[in-house]
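Here is the structure we will look at.
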Amino acid sequence: MSVTRFRFPYVEMPEVATQLRVEVREFLAEQRANGGFVPMADCWASGMSAEFSRKVGQRGWLGMTWDKKYGGHGRTFLERYVVTEEMLAAGAPVMAHWIADRQSGPQLIKNANPEVRDHIIPRIVAGECFCAIGMSEPNTGSDLASVATKAEKVDGGWRVNGTKLWSTGAHGGDYMVTLLRTSPVDTKARHEGLSQFIIDLKSPGVEIRGIADIAGQVHFNETQFEDVFVPDDYVLGEVGGGWKMVVGELALERSGPERFLSSFIVFQEAMKVLVNNPTDKTREVLGQVVAKIKTLRRMSLGIAGLLQEGASPEMEAALVKDMSTNFERELLEKIRSVLPQHALVSLDSLTANLLREGILRVPSSTLRGGTNEVLKGMIARQLGMR
Ligand SMILES: Cc1cc2nc3c(=O)[nH]c(=O)nc-3n(C[C@H](O)[C@H](O)[C@H](O)COP(=O)(O)OP(=O)(O)OC[C@H]3O[C@@H](n4cnc5c(N)ncnc54)[C@H](O)[C@@H]3O)c2cc1C
């Protein structure tokens with residue numbers, strides 16, 4: 001096994017991205033002031049607002065890096081980075097469009113039948129079409145090759161039966177990019193016989209059941225497929241080529257700033273309370289937090305730079321996701337330890353609400369998108385340690 005080094009190139013923000021940041025900040029400040037949203041922790045996985053997503057689409061901030069010939073905006077990954085970073089920092093309700101913009105759109109542009117692509121992509125760009133990810137199942141999570149939900153060939157298409165689990169946003173989604181078994185498991189080549197399909201979630205035979213999380217809110221789902229017909233055109237790429245696509249998609253899923261900025265809004269609001277009367281402990285904690293955020297951001301920007309070069313930074317994304325999600329847990333604990341009692345117990349304060357939400361949501365960060373143990377295994381392999 002060859003060992004390749006991790007790459008985190010230094011990235012200079014171009015002037016155009018800096019100007020864009022000002023525009024995005026103005027938009028978010030105006031939306032917040034006008035009641036367009038109330039900031040929330042973990043907003044990309046818990047703040048579903050089709051109306052807000054449409055406004056983001058109207059501003060030209062969805063499908064930013066996609067080629068204009070497919071309906072995208074042909075901008076750079078760094079410009080997209082600035083938009084996602086500002087949305088996360090503001091705690092804006094971006095969940096409805098997040099998955100389609102981050103990974104399903106690029107997957108469709110690369111692998112979908114041209115007619116299907118042209119039917120779906122412009123609607124994603126407009127903030128009017130949302131997607132979910134159908135990888136995990138009741139007995140399949142880390143070991144994705146054990147997917148058992150089946151697609152059988154029938155006249156003109158495929159018949160799908162089985163259950164997908166934990167599909168974030170499926171309850172508000174239009175399509176699910178779904179990994180299915182299209183031929184029986186070959187124990188010597190377990191990654192073969194898997195294919196990716198685009199399933200219209202309004203199709204007959206699809207049942208979506210919300211699952212309440214620890215806070216009693218529904219953000220993910222169990223999705224049942226019973227004799228669901230999927231036309232041939234809705235297969236992504238080659239039948240049997242699903243595994244390679246999933247690996248590429250996971251690199252995009254793990255690569256963004258959401259992995260270390262999900263709780264940033266909690267930190268920002270807590271700062272407003274803490275600056276009034278800082279103790280030595282507060283200063284020490286804030287120093288540690290800021291140093292870590294700067295380091296993670298530097299690494300995360302390096303990944304955006306690699307994406308801009310056309311690379312697929314799977315290992316770098318795994319490393320940053322592992323470090324970032326551990327940091328998010330630590331961040332909330334640190335904020336809790338320095339916030340004064342009155343801010344913690346005040347039920348109606350934004351800071352207390354954000355902290356409460358953040359603490360309830362953060363345990364999921366080290367599971368979704370691949371658990372930290374699995375990521376560490378990948379990193380160890382990259383370093384030649386296994
Ligand atoms: C909030 C949230 C949102 C999610 N959204 C989606 C979604 O939209 N779509 C989707 O398809 N899935 C989604 N998931 C599912 C997520 O991808 C899985 O939970 C995750 O991959 C782990 O799978 P599992 O839950 O089956 O646990 P398992 O794979 O059964 O793992 C159980 C434990 O064993 C450890 N383990 C397993 N294999 C190894 C190994 N090889 N080495 C070391 N340790 C190992 C794991 O780290 C874990 O601690 C979501 C999960 C959460 C929590």
Side-chain angles (χ1 to χ4, degrees), residues 40-48 94-104 107 130-149 160 162-181 190-191 194 196-199 201 208-225 242-243 245-247 249-254 256 258-259 262-263 317-318 321-322 325-326 328-329 357-382 385-386:
M40 61 187 75
D42 208 32
C43 61
W44 64 277
S46 62
M48 170 99 73
V94 288
M95 177 189 181
H97 65 253
W98 199 260
I99 289 171
D101 181 56
R102 178 183 68 188
Q103 68 194 81
S104 311
Q107 184 72 280
F130 310 125
C131 296
I133 307 162
M135 295 188 193
S136 308
E137 297 183 2
N139 295 310
T140 299
S142 306
D143 180 19
L144 263 187
S146 64
V147 154
T149 298
V160 177
T163 307
K164 289 289 171 183
L165 197 58
W166 313 124
S167 31
T168 299
H171 54 302
D174 298 285
Y175 297 98
M176 181 183 283
V177 175
T178 317
L179 183 68
L180 300 173
R181 187 149 282 291
R190 295 175 68 242
H191 297 154
L194 294 165
Q196 288 260 87
F197 289 72
I198 311 160
I199 301 187
L201 291 172
I208 299 169
R209 294 185 284 265
I211 303 172
D213 64 15
I214 193 173
Q217 297 170 349
V218 172
H219 304 300
F220 48 27
N221 305 270
E222 181 178 58
T223 310
Q224 181 90 38
F225 300 100
W243 185 257
M245 277 180 226
V246 160
V247 172
E249 210 178 303
L250 283 170
L252 288 180
E253 185 172 340
R254 292 168 181 157
E258 64 266 39
R259 302 302 174 178
S262 299
S263 307
K321 181 179 181 291
D322 176 53
T325 50
N326 285 325
E328 293 244 71
R329 284 177 169 231
E357 266 176 23
I359 286 174
L360 289 174
R361 303 261 328 141
V362 83
S364 70
S365 66
T366 51
L367 298 171
R368 60 191 178 193
T371 70
N372 283 27
E373 291 77 18
V374 168
L375 298 177
K376 282 197 173 75
M378 290 167 58
I379 295 161
R381 201 173 303 119
Q382 174 81 354
M385 293 162 75
R386 46 182 301 236

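Note that ligands are numbered from 1 as they come in the structure, with each ligand's atoms numbered from 1 the same way.
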Give the atom numbers and elements of ligand 1 that come within less than 4.0 Å of a heavy atom of [X].
{"X": "Met135", "answer": "11 (O)"}
{"X": "Ile133", "answer": "7 (C), 8 (O), 9 (N), 10 (C), 11 (O)"}
{"X": "Ser364", "answer": "1 (C), 53 (C)"}
{"X": "Glu373", "answer": "43 (C), 44 (N), 46 (C), 47 (O), 49 (O)"}

In terms of its nearest heavy atom to atom 39 (C) of ligand 1, the top option of Thr168, Asn221, Asp213, Val374 is Val374
My understanding is that we take every heavy atom of each candidate and find the minimum distance to atom 23 (O) of ligand 1. Doing that for Cys131, Gly141, Ser365, which one comes out nearest? Gly141
Any protein heavy atom sitting closer than 4.0 Å to [atom]?
{"atom": "atom 14 (N) of ligand 1", "value": "yes"}
{"atom": "atom 26 (O) of ligand 1", "value": "yes"}
{"atom": "atom 32 (C) of ligand 1", "value": "no"}
{"atom": "atom 35 (C) of ligand 1", "value": "no"}
{"atom": "atom 52 (C) of ligand 1", "value": "yes"}

Who's the nearest protein heavy-atom neighbour of [atom], and how far?
{"atom": "atom 38 (N) of ligand 1", "value": "Ser142 CB, 3.7 Å"}
{"atom": "atom 48 (C) of ligand 1", "value": "Thr371 CG2, 4.2 Å"}
{"atom": "atom 20 (C) of ligand 1", "value": "Leu367 O, 3.6 Å"}

Would you indicate whether the side-chain heavy atoms of [Y] and [X] approach each other to under 4.5 Å?
{"X": "Ile133", "Y": "Thr168", "answer": "no"}
{"X": "Ser46", "Y": "Arg361", "answer": "yes"}
{"X": "Ser263", "Y": "Arg329", "answer": "no"}
{"X": "Val177", "Y": "Met245", "answer": "no"}
{"X": "Arg209", "Y": "Asn221", "answer": "no"}

Would a distance-only check, ignoring hydrogens and angles, find a side-chain to backbone donor-acceptor pair under 3.5 Å from Glu137 to Thr149?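 Side chain of Glu137 to backbone of Thr149: a pair is present.
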Short side-chain to backbone donor-acceptor contact, Arg386 and Arg381, under 3.5 Å: no
Does Ser167 reach ligand 1, in the sense of a heavy atom lying below 4.0 Å from it? yes
Considering non-hydrogen atoms only, spot the tightest contact between Tyr175 and Ile198 and give its length. CD2-CG2, 3.7 Å
Please report whether ligand 1 has a polar contact with Ser136, defined as an N or O pair separated by less than 3.5 Å (distance criterion only).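 Ser136 vs ligand 1: N/O contact under 3.5 Å present.
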Do any nitrogen or oxygen atoms of Trp166 lie less than 3.5 angstrom from nitrogen or oxygen atoms of ligand 1? yes
Under 30°, 30 to 60°, or over 60°: which ring-plane class applies to Trp44 and Trp98, parallel, tilted or perpendicular?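 Correct class here is tilted.
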Please state which part of Phe220 comes within less than 4.0 Å of ligand 1, counting heavy atoms only: side chain, backbone, both or neither.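 For Phe220, the contact with ligand 1 is made by the side chain alone.
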We want to know whether Thr325 and Thr366 form a side-chain donor-acceptor pair, criterion being a heavy-atom distance below 3.5 angstrom. no
What I want to check is whether the side chains of Ser365 and Glu328 have a donor and an acceptor closer together than 3.5 Å. no
